[in-house]
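Accompanying notes for the structure given below.
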Amino acid sequence: MSEQVLRNGNVMERSRTRTITQIAMLGAVAGVLMNFEFPLPFLAPSFYQLDFSEIPVLVGAFAMGPVAGAVIELVKILVHLVTKGTMTAGVGDLANFIFGCTFVIPAGIIYRLHNVKSRKHAVMGMAVGTVLTTIAACLMNAFVLLPAYGKAFGMPIKAFIEMGAAVNHSVNSLLGFVALIIVPFNLFKYILVSVIVFFIYKRIRVVLKGD
């Protein structure tokens, strides 16, 4: 009996070690990917950058659960801060963490809650995550981020609206900026990430063996 308990304990310890290793690995990859960002001038002003750092985070949330996804998101931000630093006094990095968690946690919950995990559940999870993150991005940008950036860099909100108008001539107010810049940019970003994960997850899961 004691031998069986010892064997089970060793299995649990190996599983815990493997999970921690995978979280660290995926977080490090995500942190590096976060450094490779680029603008989408056809969708938003250049200070909004697209990167693919949420791909390994979402993979981890699917493979190991939403809590692991949140931890990977945190590791990603820490790696990014160490390797590249911050130009926003940490505000942008905190927002990135919030948006990332808003995306991967609902997706991970919806996917992992089902006994039979299917692509349908993955799509449902990613769709919910995309919608919730877009809503969060709208609220955060309108009431927190744009005012904070404006104060930090001595720019009035009108300056951001003018930048948005240079991309989309219909932008003439903060509400217009949110509706015509923030919404399309975030939908494009998280749908693109979702599509990529949709096609690569099954192959990566074989390596992670999270299910």
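Residue numbers count from 1 along this sequence.
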If you compare all heavy atoms of [X] against all heavy atoms of [Y], which two are closest, and at what distance to 0.1 Å?
X	Y	value
Val197	Leu58	CG2-CD2, 3.7 Å
Ala28	Val75	N-CG1, 4.1 Å
His121	Ile110	O-CG2, 3.8 Å
Leu174	Ala142	CD2-O, 3.9 Å
Ala70	Ile105	CB-CD1, 4.0 Å
Ile72	Gly60	CD1-CA, 3.7 Å

Common cluster, [X]/[Y], ILVMFWY with side-chain heavy-atom separation under 4.5 Å:
X	Y	result
Ile109	Val128	no
Leu187	Leu192	yes
Leu175	Val183	no
Leu132	Ile98	no

Contact check, side chains of [X] and [Y], non-hydrogen atoms, under 4.5 Å:
X	Y	answer
Leu43	Val167	no
Phe103	Val57	no
Ser194	Phe198	no
Ile181	Pro45	yes
Glu54	Asn96	yes

Any idea how Phe177 and Tyr48 line up, ring-wise: parallel (<30°), tilted (30 to 60°), or perpendicular (>60°)?
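Phe177 and Tyr48: tilted rings.
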
For the residue pair Phe160 and Phe47, categorise the inter-ring angle as parallel (less than 30°), tilted (30 to 60°) or perpendicular (more than 60°).
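Answer is perpendicular, since the angle exceeds 60°.
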
[X] side, atom [atom1]; [Y] side, atom [atom2] - distance, nearest 0.5 Å:
X	Y	atom1	atom2	answer
Met124	Leu113	CE	CG	10.0 Å
Leu145	Ile182	CG	CD1	8.5 Å
Thr130	Ile135	OG1	CD1	11.0 Å
Ser173	Leu180	OG	CG	8.5 Å
Phe185	Thr134	CZ	OG1	10.5 Å
Ile20	Met25	CD1	CE	13.5 Å

Please confirm whether Tyr190 and Phe99 have ring centers closer than 6.0 angstrom.
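No - the distance between ring centres of Tyr190 and Phe99 does not fall below the 6.0 Å cut-off.
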
Please check if the number of heavy atoms outside Lys84 that lie under 6.0 Å from its NZ is greater than 12.
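Correct, the count exceeds 12.
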
Do other residues, nucleotides or ligands put more than 12 heavy atoms under 6.0 Å from the CZ atom of Phe143?
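It does not: Phe143 CZ has 12 such atoms or fewer within range.
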
Give every donor-acceptor pair under 3.5 Å between a side-chain atom in residues 29-42 and any protein atom, sequence neighbours left out.
| from | atom 1 | to | atom 2 | distance (Å) |
| --- | --- | --- | --- | --- |
| Asn35 | OD1 | His80 | ND1 | 2.8 |
| Asn35 | ND2 | Thr83 | OG1 | 3.0 |

Under the rule for side chain to side chain contact (heavy atoms under 4.5 Å, CB included), what residues qualify as partners of Ala68, not counting sequence neighbours?
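Per chain and number, Ala68 pairs via side chain to side chain contact (heavy atoms under 4.5 Å, CB included) with Ile23, Met64.
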
With distance as the sole test, does Arg112 use its side chain to make a donor-acceptor pair with the main-chain N or O of Ala63 at under 3.5 Å?
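Pair found, side chain donor or acceptor close to backbone of Ala63.
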
